[in-house]
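The chains referred to below are lettered A, B, ... by the order of the sequence lines, with proteins before strands, and numbering in each begins at 1. Source: prediction; values computed, not measured.
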Amino acid sequence: MTAMTEPGLPRTYDPGLVETGIYERWLAADVFAPDGAGSRARPGAKPFVVIQPPPNVTGALHVGHAFTFDLEDVMVRHARMTGRPTLWLPGLDHASIAAQVVLDRILDGEGESRTSLGRERYLERMRAFVATTRETIIRQERRLGSSLEWGRLRFTVDETSSRAVRTAFARLYQDGLAYRSEALANWCSGCQTTVSDLEVVPTPESGTLWTIRYHVVDADGSVVPGRWIDIATTRPETLLGDSAIAIHPDDPRHRDLLGDHVLVPFVDRVVPVIADSVVRPEFGTGAVKITPAHDADDYATGKRHDLPMINVFDDAGRINENGAAYAGLSLAEARRRILADLDARGDLLAAVPHEMIIGRCQRSNDIIEPRLKTQWFIRTKPLAEEALQATRSGVTGILPERFIKVWEHWLTEIRDWNVSRQLWWGHRIPAWYCPDGHVTVTDDPAGPTACEVCGRPIAELHQDNDIFDTWFSSGLWPFSTLGWPDDTADLRTYYPGSVLETGYDIIFFWVARMMMLGIHFMGRPPFEMVYLHGMVRDGTGQKMSKTKGNVVDPLEAIDDIGADALRLALINGTSPGNDQRLSQDKLDSARNFANKLWNAARFVLGTRPATIPADALRQAPNPADLGPAERWIRSRTAATAVAVDRAMADFAFGEATRVLYEAVWSELCDWGLELAKVRLADDSLPGAVREATWWTLVEAIDVNLRLLHPFMPFLTEAIWTATPHTPDDPELLIVADWPGPEVAARRDEAAEVDVDVVIELIRGVRNARSEARLEPATWLPVDLLGDAPVALAVEALRPAVERLARARPLAIHPTRAAYLAATAAGGLSVIGNGVEAVVGRAAGGSGVDDAHAAALDRERLNRELASARTLLEAARSRLANESFMSKAPPAVVEGARSRELELAEQVRRLEDRLGS
RNA sequence: GGGCGUGUAGCUCAGCGGUAGAGCGCUCGCCUUACAAGCGAGUGGUCGGGGGUUCGAUCCCCUCCGCGCCCACCA
C-alpha cells in the first residue's frame with residue numbers, strides 16, 4: 001500500500017490561514033530589495049525596475065489599485081525569479097487638490113473649513129489625516145502581497161521630493177521653460193484654485209440661449225434711437241465684462257454696424273462692433289458679445305483686436321467691483337437679475353432652450369469659470385518634441401501600441417502647462433517678488449537673500465502664495481525617488497526604469513509629464529516600456545463608484561476568497577489597455593482554482609511512497625522507470641512552461657494565467673493525477689517505479705508552483721514550503737529559479753501521441769456509456785481493435801484505462817477478424833480518429849443487451865456519422881481545389897490530406913458498424 | 001467635429017489567415033477516499049450586417065449599424 005501518512009497540508013484550503021505569516025517571511029528573508037540579503041540576483045544581470053503610480057493618500061485603495069499592484073507584482077516577481085535584481089519602489093502621492101477636496105468634506109462635517117482653520121492649522125490637520133491613510137494604504141498593499149521595497153518608501157512631499165521640485169523648477173526657470181504670465185485660467189470656485197485644462201471635464205448641460213439687444217451710441221455716447229444689434233448668449237451675466245460685439249466680416253446683415261459703437265447694458269461701457277471670422281453667421285443672431293476675461297474664444301478674439309480684458313468675477317464666484325450694481329451677487333443671482341432688468345427695459349428678446357457643453361471640475365464637479373489670472377506656466381512645446389522623439393525612435397515603447405496615436409496627438413497639440421494652484425497642501429512655488437515686480441526663483445530651501453534683479457533685501461520680498469500642481473512633483477517621480485538632483489548610485493543603477501505600469505486614464509496627466517521632465521533633466525526617457533492597463537468595472541460594465549455602491553473592496557474580497565484568488569481574478573482573461581468587468585462569478589472561479597491547486601498539491605504530498613522519507617530532497621525521476629503517463633506529464637509541463645514564458649515576455653499576463661489554469665486543471669489534475677493514481681496504488685509494481693511516478697508529480701507541482709508564483713504568491717509559497725526541494729533551492733519560492741530550458745527540454749512528442757490515444761479511448765468509452773444512460777459505476781467489458789501502436793499505448797497504461805473507463809475485462813484484439821468475432825453480439829460502439837472499440841458486448845452475460853441502450857447508441861453513431869461526413873466532404877472539396885493544391889503551403893496541404901484520410905477511415909468504420 | 005476601442009456560445013471574455021475556445025450558466029449522471037469550491041458526459045456560435053483581397057477570412061482592407069472611451073475654443 002502507498003503510504004498516506006503525514007498530510008503535508010491542512011485538509012481544507014483556508015486562504016486566511018495560508019496567507020498568515022508569509023509576507024513576514026519574505027520581509028525577514030530580505031528578498032524585496034535588489035541588493036537584499038536574500039536576493040538571489042545573478043551578478044551582472046540587468047536590473048528590472050517597475051515604476052508604479054504612487055497612490056493618492058486620500059483614502060483606502062480600491063480594486064483598481066489592486067489591479068495595478070497585481071500587475072506590477074507579477075512583473076517584479078517574474079523578473080526576480082529569473083535572477084534579475086528588481087526594484088519596485090513604493091510611494092504615496094500627496095495629491096494636493098484631491099486631498100484638499102477630501103479633507104474639506106471632512107471638515108465640513110465638523111463645522112470647520114479651510115478658512116476657519118487658516119493655512120497652518122489646516123496643514124497640520126492634513127498631515128494628521130494623511131498619516132492615517134498612509135498606514136491604511138501600506139497595510140493594504142501588504143495584504144495584496146505586493147513585493148515592494150519598503151526601505152525606499154517615498155512620499156511626494158518628503159524632503160527629497162521637495163528638493164527635487166525646487167531644483168526642477170529653478171532649472172526650468174533658468175532654461176526659459178518656466179514663465180509667469182497673466183492668462184486665461186480655469187477657475188474652480190469650489191476648490192478655490194485654478195486647474196489645468198486636463199482637469200476640466202466637458203459636461204453636457206441643458207441651458208438657454210438668450211437674445212439680447214445692444215443699442216448703438218453716437219460719438220458723444222448717447223443712444224441712437226432705432227439703431228441696435230441683437231446678440232445671442234448663454235451667459236448673460238458676463239455682459240458686465242463685455243468689451244466688444246463681433247460679427248462675421250462677410251455677414252451682410254450687420255455690415256452697416258461695423259465700426260459703430262454700442263452701449264453695454266448696466267455698466268454703460270461703450271464698446272466697438274468688430275468683424276472677426278470666429279463668428280458663425282448661422283448661429284443665433286449672427287452677432288456675439290466678446291468677454292475676453294471669461295471665455296477662451298473671446299480671449300483669443302480680444303488678443304487679436306487688442307480689447308480690454310475686464311474681469312468681473314471674484315475668487316468666490318461672485319460679481320466683483322466691476323459689476324456695478326450687481327457687485328457681490330453670486331453668478332446665478334446676477335444672471336437672474338440681469339435677465340429681469342433686461343426684460344424690464346425691453347432688451348431681452350428671446351429665450352430658447354439650448355444644449356451645450358460646460359466645463360466642470362474633475363474633483364469637485366463645480367462649474368469651471370475661465371478667468372484672467374497671473375500664473376506660472378511650463379513651456380511644453382520643446383519638452384514635448386523630445387518626448388515624441390523617444391516614442392518615435394522606439395527608445396520608449398507603449399503597450400498596447402494603439403495608445404501611441406493619442407500620445408502623438410496630445411503631445412503635438414500640447415499647450416503650456418499652468419502649474420500654479422491656489423491651494424495649501426503641496427509644494428510652495430519657490431518664487432519671490434519684490435515691490436518693483438522683479439521675480440527671483442531659487443532652489444535654496446531658505447529662499448533668496450535678495451532680489452536678483454535690483455538687490456532689495458529678502459525682508460522686502462514676498463514669496464508666491466501658490467503651490468505647484470500635484471502632477472509637477474509626480475512628473476519627477478522616476479528620478480526624484482532615486483536621489484536626484486544628486487548624482488547617486490541609485491540613479492545610475494535604476495534610471496531609466498524598465499516598465500512604467502499604469503492606467504491609460506493618466507497617460508497625459510502623468511506619463512507624458514514624466515517623459516518630458518525625465519528627458520529634460522536626465523537626458524534620457526525615464527522608462528523603456530509603458531504598459532497601460534484598463535479600468536476595472538463592475539459586473540455590468542458600470543464604472544465603480546462609492547455613490548453607486550458597486551465597488552469591490554479589495555480587503556473584503558481578500559477576507560472572502562483570499563489575495564491569491566483576487567489577484568488571479570483580476571488578471572485572468574484580461575488584455576492590456578482593455579477594461580474588464582469584475583463579477584462575483586469571476587472571483588468565485590478564481591477561488592475555485594486556488595482550491596483546486598491546493599487539493600492537487602495535497603494529493604501529491606499525501607501519496608508519497610513509504611520508501612521515500614518525508615524530508616527527502618527532491619530528485620528528478622529516474623528516466624528508466626518512467627511510464628508513458630509520467631513522460632506525458634513531464635512533456636505537458638514543459639509545454640506549459642514554454643507557453644507561459646512566451647506570454648510573460650509579451651506582457652500577455654491574461655494569456656499566461658489562462659495557460660496555467662488549463663495546465664493545472666485540465667491536464668495535470670484531470671489526466672496526470674488520475675493516470676498516476678493507478679501506479680501509485682499498485683503495490684505489485686517495483687518500488688522504484690512508484691517512486692519515479694511520485695517524483696514526476698512532485699516535479700510537475702514544483703514547476704507549476706514556480707510558474708504560478710507571480711500570480712498567486714501566498715498560496716504557491718505555502719504549498720512550496722511543504723514540497724520537497726533540491727539542494728540548490730532557496731528557502732523561499734519567491735527567490736526560486738524560474739523554469740528554464742532544462743524544463744522545456746522535457747518535451748516528449750512520442751509520449752504525447754501515445755497518451756492522446758489512451759485519452760481518446762477513455763473519453764470514447766465514457767461517452768458511449770453516458771449517452772446510453774448506463775450506470776457509471778458498473779464495470780463493463782471493453783473490446784479494443786488494436787493495431788500495433790494503439791495496442792502498445794493502451795497496453796502500457798492498461799490498469800489506468802481499466803480504472804478510468806471502468807473497463808473490465810479489457811481485451812485488445814490485434815486483428816480485425818478477432819475483434820469482429822468478439823464483438824459480434826453487439827454493445828456500444830466507440831469510433832474515434834484513432835481508436836475503435838466496443839463497450840459491453842453481450843457475450844458473457846455482463847454486458848449491454850438492453851434494447852433501449854442499443855437504440856440510444858445507434859442514434860449517437862448516426863449523429864457522429866453525419867458530422868464526420870460533413871467534415872469529410874469539406875476536406876475533400878478542399879483537396880479537389882486546384883488553386884488550393886498549388887498555392888497553399890505544403891504543410892497545410894499535407895495536413896488536409898491526413899485529415900481527409902482520418903475522416904474517411906472514421907466514416908468507413910461508422911458505416912460498417914451501422915450497416916451490420 | 002476629430003481620433004480610438006469594441007461587437008465571438010445565455011452571461012463575462014480569450015483567440016486574430018489554415019478543422020471555432022475558456023469560465024460561469026444550462027441538461028443528464030455521479031458523495032469514483034485530493035478536491036461537491038468537486039467528478040464524468042453533453043447542450044450551445046451563418047465569430048454585428050454588406051462588400052473586397054486571398055487557394056482559404058472570426059482574423060487583413062472598405063463600408064454600414066450598435067455600444068463605449070479619449071481629444072476639441074465654439075456663443
Legend entry - Minimum-distance nucleotide (side-chain atoms of A:Lys677 versus B:A14, B:A34, B:C55): B:A34

Legend entry - Spacing between A:Met535 atom CE and B:G5 atom C1', to the nearest angstrom: 13 Å

Legend entry - Who pairs with B:G21 - Watson-Crick or G-U, where each distance is under 3.5 Å: B:C13

Inset, instruction - Looking only at non-hydrogen atoms, find the nearest pair between A:Arg537 and A:Asp579 and report the distance. - result: NE-OD2, 3.0 Å

Inset, instruction - Determine whether any donor atom in the side chain of A:Lys596 lies under 3.5 Å from an acceptor atom in the base of B:C35, or the reverse, and answer yes or no. - result: yes

Inset, instruction - Measure centre to centre between the rings of A:Trp407 and A:Phe403, then say whether the value is under 6.0 Å. - result: no

Inset, instruction - Please determine if a side-chain N or O atom of A:Arg899 lies less than 4.0 Å away from the OP1 or OP2 oxygen of B:U19. - result: no

Inset, instruction - Taking the side chain as every heavy atom from C-beta outward, state whether A:Leu715 and A:Leu597 have any atom pair closer than 4.5 Å. - result: yes

Inset, instruction - Assess the side chains of A:Thr693 and A:Arg679: does a donor N or O sit below 3.5 Å from an acceptor N or O? - result: yes

Legend entry - B:C4 OP1/OP2 closer than 4.0 Å to side-chain N/O of A:Lys405: yes

Inset, instruction - For the side chain of A:Asn767, starting at C-beta, report the closest nucleotide among B:G18, B:A34, B:G42. - result: B:G42

Inset, instruction - Give one of base, sugar-phosphate or nothing for A:Ala777, where a contact means two heavy atoms less than 4.0 Å apart. - result: nothing

Inset, instruction - Look at A:Ser575 and B:A14 and indicate whether a side-chain polar atom (N or O) is within less than 4.0 Å of OP1 or OP2. - result: yes

Legend entry - First encountered from the 5' end of RNA chain B, between A:Gly284 and A:Pro202: A:Pro202

Inset, instruction - When you get a sec, tell me which of B:C30, B:C74, B:A34 is the closest nucleotide to the side chain of A:Glu674? - result: B:A34

Inset, instruction - Could you check whether A:Arg11 gets within reach of a base, just the sugar-phosphate, or nothing at all, counting any heavy atom under 4.0 Å? - result: sugar-phosphate

Legend entry - Donor-acceptor pair between A:Glu199 and A:Ser196 side chains, under 3.5 angstrom: yes

Inset, instruction - Could you please name the option among B:A14, B:G40, B:C35 that lies closest to any side-chain atom of A:Glu655? - result: B:A14

Inset, instruction - Look at all strands and tell whether A:Trp665 reaches a base, only sugar-phosphate, or nothing, counting heavy atoms closer than 4.0 Å. - result: sugar-phosphate

Inset, instruction - State the pairing partner of B:U46; accept Watson-Crick or G-U wobble contacts with both distances under 3.5 Å, and report none otherwise. - result: none

Inset, instruction - Would you kindly compare A:Glu771 and A:Thr574 by the position of their nearest RNA chain B nucleotide and give the one closer to the 5′ end? - result: A:Thr574

Legend entry - From B:C69, B:A37, B:G18, nucleotide with atom closest to A:Tyr13 side chain: B:A37

Inset, instruction - Return no unless some side-chain N or O of A:Asn592 is found under 4.0 Å from OP1 or OP2 of B:G38. - result: yes

Inset, instruction - Mind checking A:Arg415 for me? I need base, sugar-phosphate or nothing, with any heavy atom below 4.0 Å counting as a touch. - result: sugar-phosphate

Inset, instruction - Calculate the interatomic distance between A:Arg773 atom CZ and B:A41 atom P; express it in whole Å. - result: 14 Å

Inset, instruction - Would you tell me whether A:Asn599 and A:Arg602 have side-chain atoms, one donor and one acceptor, within less than 3.5 Å of each other? - result: yes

Legend entry - Selection from B:C69, B:A41, B:C13 that lies nearest to any side-chain heavy atom of A:Arg766: B:A41

Inset, instruction - Give A:Leu209 one of three labels, base, sugar-phosphate or nothing, depending on what nucleic acid heavy atoms sit under 4.0 Å from its own. - result: nothing

Inset, instruction - Compare side-chain N and O positions of A:Arg763 against OP1 and OP2 of B:G40 and report whether any pair is under 4.0 Å apart. - result: no

Inset, instruction - With heavy atoms under 4.0 Å as the rule, sort A:Val278 into base, sugar-phosphate or nothing. - result: nothing

Legend entry - Short side-chain N/O contact from A:Arg769 to OP1 or OP2 of B:G40, under 4.0 Å: no

Inset, instruction - With a 3.5 angstrom cut-off on both distances, give the Watson-Crick or G-U wobble partner of B:C39, or none if there isn't one. - result: B:G29

Inset, instruction - Classify the nucleic acid contact of A:Met885 as base, sugar-phosphate or nothing, counting any heavy atom under 4.0 Å across all strands shown. - result: nothing

Inset, instruction - Would you indicate which nucleotide in B:C71, B:G18, B:A37 comes nearest to any side-chain atom of A:Phe508? - result: B:C71

Inset, instruction - Check every atom of B:A34, B:G29, B:A37 against the side chain of A:Pro776 and return the nucleotide holding the closest atom. - result: B:G29

Legend entry - Opposite nucleotide pairing with B:G56, Watson-Crick or G-U, both atom distances under 3.5 Å: none

Inset, instruction - Mind telling me whether A:Trp665 and A:Tyr661 have parallel, tilted or perpendicular rings, with 30° and 60° as the class edges? - result: parallel

